[in-house]
Amino acid sequence: MRNSLEAYRKFSPQQDRGPIITIDGPAAAGKSTAARLLAQRLGYLYLDTGAMYRALTWKALRDKVDMKDKRALSQLAEETQITLSCQADGKLKVYVDGEDVTTSIRSAEVDRFVSFVSSIKEIRERMVLQQRKMGMRGKVVAEGRDMGTVVFPEAEVKIFLEASLKERARRRWEERREKGVFLEREEVETELANRDRMDSQRKISPLKKAEGAIVIDNTHLSISQTVERILQVVREKLNR
Ligand code: DC
């Protein structure tokens, strides 16, 4: 690991940067769509950090790396170039070493292994540095699990987005069904619950509400209502 742990821990915000908005929360709470639409509305950069962990997991599976071998996975992270590129329509394209993996990183197999891959210290250190670099100038909506707690603790606006497990499972099931993937509802619910448990119980940067974060439960909100609610918080915080 070339980057020191100290650099990983320390975030030195630029004095003249634009605002940073962080959105953290459990899997399938609608963070990605809300963050993308919000970024579009504000003309900000959209940073989907889950996509980065997914991209690395995808490559590890493709290369048949032993998914229990932390050292091999960390080594793979060192050798892998992950790029996020915002399209004109606001959607994000994800590349691994130049290859477009936008669709493949959403597979059930990646879902199954990504929590483990993202719990590895060396991998997180590397990702966090890249994420800070991307968000350095501000005017960014950063979405993930540790955006408000670790990556951008100085963010002006911190949101913790959640919804009931049942509703999140329903949304994920529906999303997959639209793509022609038919799963059992219970299977989706169990997978989400497992991932939430691993993401919130891991030692490094566990999923938790950041200090000062505003909690929005969108179990009964549509995606546009969720975005409006977040925008309301953003306006209140930034106009203060
Ligand atoms: O948001 P998502 O489902 O695409 O994220 C995939 C996984 O990546 C998730 O289970 C936990 C991990 N993750 C993380 O540990 N830290 C982040 N900032 C974002 C995602």
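All values below come from the heavy atoms of this structure, side chains included, with hydrogens, waters and symmetry mates left out. Every number for a ligand or one of its atoms is a count from 1 in the order of the listing.
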Has the side chain of Asp66 got a donor or acceptor atom that lies under 3.5 Å from a matching backbone atom of Lys68? yes

How long is the gap from CD1 on Ile21 to CG on Leu45, to the nearest 0.5 Å? 11.5 Å

Answer yes if the side chains of Gln232 and Glu228 hold a donor-acceptor pair under 3.5 Å, and no otherwise. no

Distance-only polar pair, side chains of Arg171 and Asn218, donor-acceptor under 3.5 Å: yes

Short N or O separations between ligand 1 and the protein, below 3.5 Å:
from: ligand 1; atom 1: 1 (O); to: Arg145; atom 2: NH1; distance (Å): 2.9
from: ligand 1; atom 1: 1 (O); to: Arg145; atom 2: NH2; distance (Å): 3.4
from: ligand 1; atom 1: 3 (O); to: Arg54; atom 2: NH2; distance (Å): 3.1
from: ligand 1; atom 1: 3 (O); to: Arg145; atom 2: NH2; distance (Å): 3.3
from: ligand 1; atom 1: 3 (O); to: Arg195; atom 2: NH1; distance (Å): 3.1
from: ligand 1; atom 1: 4 (O); to: Arg54; atom 2: NE; distance (Å): 2.7
from: ligand 1; atom 1: 10 (O); to: Ser115; atom 2: OG; distance (Å): 3.3
from: ligand 1; atom 1: 10 (O); to: Arg195; atom 2: NH1; distance (Å): 2.8
from: ligand 1; atom 1: 10 (O); to: Asp199; atom 2: OD2; distance (Å): 2.8
from: ligand 1; atom 1: 15 (O); to: Ser118; atom 2: OG; distance (Å): 3.4
from: ligand 1; atom 1: 15 (O); to: Arg124; atom 2: NH1; distance (Å): 2.7
from: ligand 1; atom 1: 15 (O); to: Arg124; atom 2: NH2; distance (Å): 3.4
from: ligand 1; atom 1: 15 (O); to: Arg202; atom 2: NH1; distance (Å): 2.8
from: ligand 1; atom 1: 15 (O); to: Arg202; atom 2: NH2; distance (Å): 3.0
from: ligand 1; atom 1: 16 (N); to: Arg124; atom 2: NH2; distance (Å): 3.0
from: ligand 1; atom 1: 18 (N); to: Thr49; atom 2: OG1; distance (Å): 3.0
from: ligand 1; atom 1: 18 (N); to: Arg145; atom 2: N; distance (Å): 3.2
from: ligand 1; atom 1: 18 (N); to: Asp146; atom 2: OD1; distance (Å): 2.8

I'd like to know if the side chain of Glu143 pairs up with that of Ser32 as donor and acceptor (distance under 3.5 Å, no hydrogens or angles considered). yes

Met198: partners by side chain to side chain contact (heavy atoms under 4.5 Å, CB included), with sequence neighbours left out: Ser115, Phe116

